[in-house]
S.K.: 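Starting off with a structure, shown below.
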Amino acid sequence: MNQAKDPSALQAYNEIKARNLKLNMARGKPAPAQLDLSAAFLTSVDGQNYLSREGVDSRNYGELSGLIEARELMAAMLGLPVEAVVIGGTSSLTVMYDVHSRLLLTAAPGAEKPWFEKTKRKCLCPCPGYDRHFQMTEGLGYELIPIAMKDDGPDMDEVERLVQSDPDILCIWCVPRYSNPTGVTYSEEVCRRLASMKTAAPDFRIFWDDAYSVHHLYPEAEKQGKLPNILELCAEAGHPDRVFCFASTSKITMAGGGIAAFAASPANLEWFRQQQKIQMICCDKVNQLRHAHFFPDFAALQAHMARLAELLRPKFEAFEEIMERELGDIPGVSWTKPLGGYFIGVTLPDGTAARACELAAEAGLKLTPAGNPFPHSQNPHDNFQRIAPSYPELPEIREAAELYALCVRLAIAEATEK
């Protein structure tokens, strides 16, 4: 569509712009209706039921690794044995930052020296990916190396080529299930190759952020992302200490008020605990017990996630429906149709994503900056947009999708005219 030949698009845009909308699809925030489903969670522990199953007083110090019932819950979420899981507070992002910081300061299992003493530190960043992962490692002094994401995970030919030849490559970020922002779930082949690949750095680590382990949008088992036990795969391949696993309930119960899990090999857990016991006496056990009471077993958690999916699924489907109607015939435009998680990835013709984002902002629709899902917030092709449909109400999603589609058409028209 060319504005000069078809001014109706520009006219429609200006009419919407005059309405002074305030729509937001920038971050994957839970909607109030999602949070309301966890209302009873806030009072699931009171002055009468503060003891854990083993008689631990959740109000007091102790149990640095976390209450057993909280560890069991997180182990079930991750599909890992409870012995491999410890609780690390309320935010998995905080635990990731702690682990990266400890790698810099203390030699982890398999390392000859702390990473701070290495002349160079490089991190592989599958992208489009999670911007906060990239910001974290960039802030800690790593060189970020982009790796293309494919339909079944990162480009493993490129990953293997790089890690085998460069000892300065120390780690890789992975969101293996319903990846942020493309919704990809890693295939078993990709998982096995990550676990078994040869690396020039003997202390290479995988940061395995299984943030959306139970965030399925559909009830059918065949539509749900499944992963093998990555700890087992690494152990079988002779690299038991290669992977650090993370998860939290922040988008299950209360955002920022969930429980975070860290899972790893016995040697890695011992290394983690040695640092953790210097950092704190214990995490918030009252919050852990709230979760254990609210989710007495994994089936209760699954039922809760099914209710969350009933709220989220129509929003994803509405966005996809409008994109198909408005942009389905435009060459170079496509979008992911995730089976879970919190995001939709939109691919546009090169050189148009930032402009579409800018047009949307001018008309009252806030989006994630177009470059954010890439290292240093720079997408050299300027052709990708992360969409977060979770927070707005369904009518607002429809309004936002129609406006976004219009902005995409205008951005493509402008690029065509140049």
Side-chain angles (χ1 to χ4, degrees), residues 1 9 12-13 16 19 21-34 128 130-131 149 151 175 178-185 211-212 215-219 223-225 251 305 307-349 352-370 372-373 383-412:
M1 178 185 288
Y13 174 77
I16 293 174
R19 290 159 57 187
L21 298 176
K22 291 185 179 180
L23 302 171
N24 192 330
M25 291 198 300
R27 307 289 324 176
K29 293 173 59 176
Q34 293 174 245
Y130 183 28
D131 52 340
M149 278 289 285
D151 291 341
V175 183
Y178 308 134
S179 182
N180 177 355
T182 59
V184 165
T185 296
Y212 306 108
H215 291 73
H216 314 297
L217 287 175
Y218 297 91
K223 291 185 177 181
Q224 296 180 356
K251 289 178 179 173
M305 298 309 297
R307 290 189 288 272
L308 286 177
E310 290 297 322
L311 296 174
L312 284 169
R313 186 168 60 249
K315 298 181 180 182
F316 279 77
E317 292 178 344
F319 183 86
E320 294 166 8
E321 173 194 340
I322 291 168
M323 290 288 285
E324 181 63 41
R325 186 185 73 210
E326 300 296 329
L327 298 174
D329 61 340
I330 305 298
V333 178
S334 63
W335 52 94
T336 61
K337 297 180 180 180
L339 299 177
Y342 259 59
F343 303 99
I344 297 170
V346 180
T347 300
L348 303 176
T352 63
R355 179 55 178 157
C357 195
E358 182 181 56
L359 287 165
E362 291 174 1
L365 172 58
K366 186 176 181 180
L367 299 170
T368 304
N372 271 37
N383 66 347
F384 185 86
Q385 180 69 58
R386 183 182 81 173
I387 299 294
S390 60
Y391 188 77
E393 297 299 326
L394 186 57
E396 294 177 322
I397 288 292
R398 294 185 180 280
E399 197 170 29
E402 289 172 353
L403 172 55
Y404 177 67
L406 182 59
C407 293
V408 167
R409 284 182 172 270
L410 290 173
I412 293 173

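Positions are given from 1 along the sequence.
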S.K.: Yes or no on side-chain contact (heavy atoms from CB on, under 4.5 Å) for L403 and I16, after CA distance, side-chain angles and deciding distance?
M.R.: CA-CA 8 Å; L403 172 55; I16 293 174; 3.8 Å; yes
S.K.: Which atoms form the tightest heavy-atom contact between L21 and E399, and what is the distance?
M.R.: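 Closest pair (atom of L21, atom of E399, distance): CD2-OE2, 3.6 Å.
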S.K.: Might you point out which heavy atoms bring P331 and P349 nearest each other, and give the distance in Å?
M.R.: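 Smallest heavy-atom distance, with atoms named: O-CG, 3.8 Å.
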S.K.: Answer yes or no: is there a donor N or O on one side and an acceptor on the other, between the side chain of S390 and the main chain of K29, under 3.5 Å?
M.R.: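 Yes, S390 side chain to K29 backbone: donor-acceptor pair under 3.5 Å.
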S.K.: Do other residues, nucleotides or ligands put more than 12 heavy atoms under 6.0 Å from the CG atom of D329?
M.R.: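 Yes, the 6.0 Å shell around CG holds more than 12 heavy atoms from other groups.
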S.K.: Applying side-chain contact (heavy atoms from CB on, under 4.5 Å) to F343 and Y178, what does each step give before you reach the verdict?
M.R.: CA-CA 8 Å; F343 303 99; Y178 308 134; over 6 Å; no
S.K.: Minimum heavy-atom separation for P389 to I397, with atom names?
M.R.: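 Where P389 meets I397 most closely, the heavy atoms are O-CD1, 3.2 Å.
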S.K.: Which heavy atom of A309 sits nearest a heavy atom of P314, and at what distance?
M.R.: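 Shortest heavy-atom separation between A309 and P314 comes out as O-CD, 4.1 Å.
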S.K.: Could you check whether atom CZ of F384 has more than 12 heavy atoms from other residues, nucleotides or ligands sitting under 6.0 Å from it?
M.R.: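 Counting neighbours around CZ of F384, more than 12 heavy atoms of other residues, nucleotides or ligands fall under 6.0 Å, so yes.
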S.K.: Taking all atoms of both residues into account, what is the closest heavy-atom pair of H216 and G225, and its distance?
M.R.: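 Taking every non-hydrogen atom into account, CE1-O, 3.9 Å.
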S.K.: Does the Lys NZ or Arg CZ of K251 fall within the cation-pi geometry relative to Y212 - under 6.0 Å from the ring centre and within 45° of the axis?
M.R.: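 No; the conditions do not both hold, so K251 does not lie above the ring face of Y212.
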S.K.: For the pair E326 (side chain) and M323 (backbone), establish whether a donor and an acceptor sit closer than 3.5 Å, ignoring hydrogens and angles.
M.R.: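 Checked: no pair found.
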S.K.: Say whether, by atom type as modelled, one donor and one acceptor occur between the side chain of R398 and the main chain of K315 under 3.5 angstrom.
M.R.: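 No.
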S.K.: At their closest point, which heavy atom of L359 faces which heavy atom of A411, and how far apart are they?
M.R.: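 Minimum heavy-atom separation between L359 and A411: CD1-N, 3.9 Å.
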S.K.: Could you walk me through whether T347 and W335 pass the side-chain contact (heavy atoms from CB on, under 4.5 Å) check?
M.R.: CA-CA 6 Å; T347 300; W335 52 94; over 6 Å; no
S.K.: Tell me whether the guanidinium CZ or amine NZ of R27 lies under 6.0 angstrom from the six-membered ring centre of Y391 and within 45° of its axis.
M.R.: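 No.
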S.K.: Hey, what do you get for CG (L312) to OH (Y342), rounding to the nearest 0.5 Å?
M.R.: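 These two atoms lie 5.0 Å from each other.
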S.K.: Whether the side chain of T336 engages the backbone of G183 through a donor-acceptor N/O pair (distance < 3.5 Å, no angle test) should be reported.
M.R.: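 Not at all, since once roles are kept as given, no pair shorter than 3.5 Å links the two residues.
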S.K.: Given 3.5 Å as the limit, does a donor-acceptor pair link the side chain of E396 with the main chain of E393, or not?
M.R.: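 A pair under 3.5 Å: yes.
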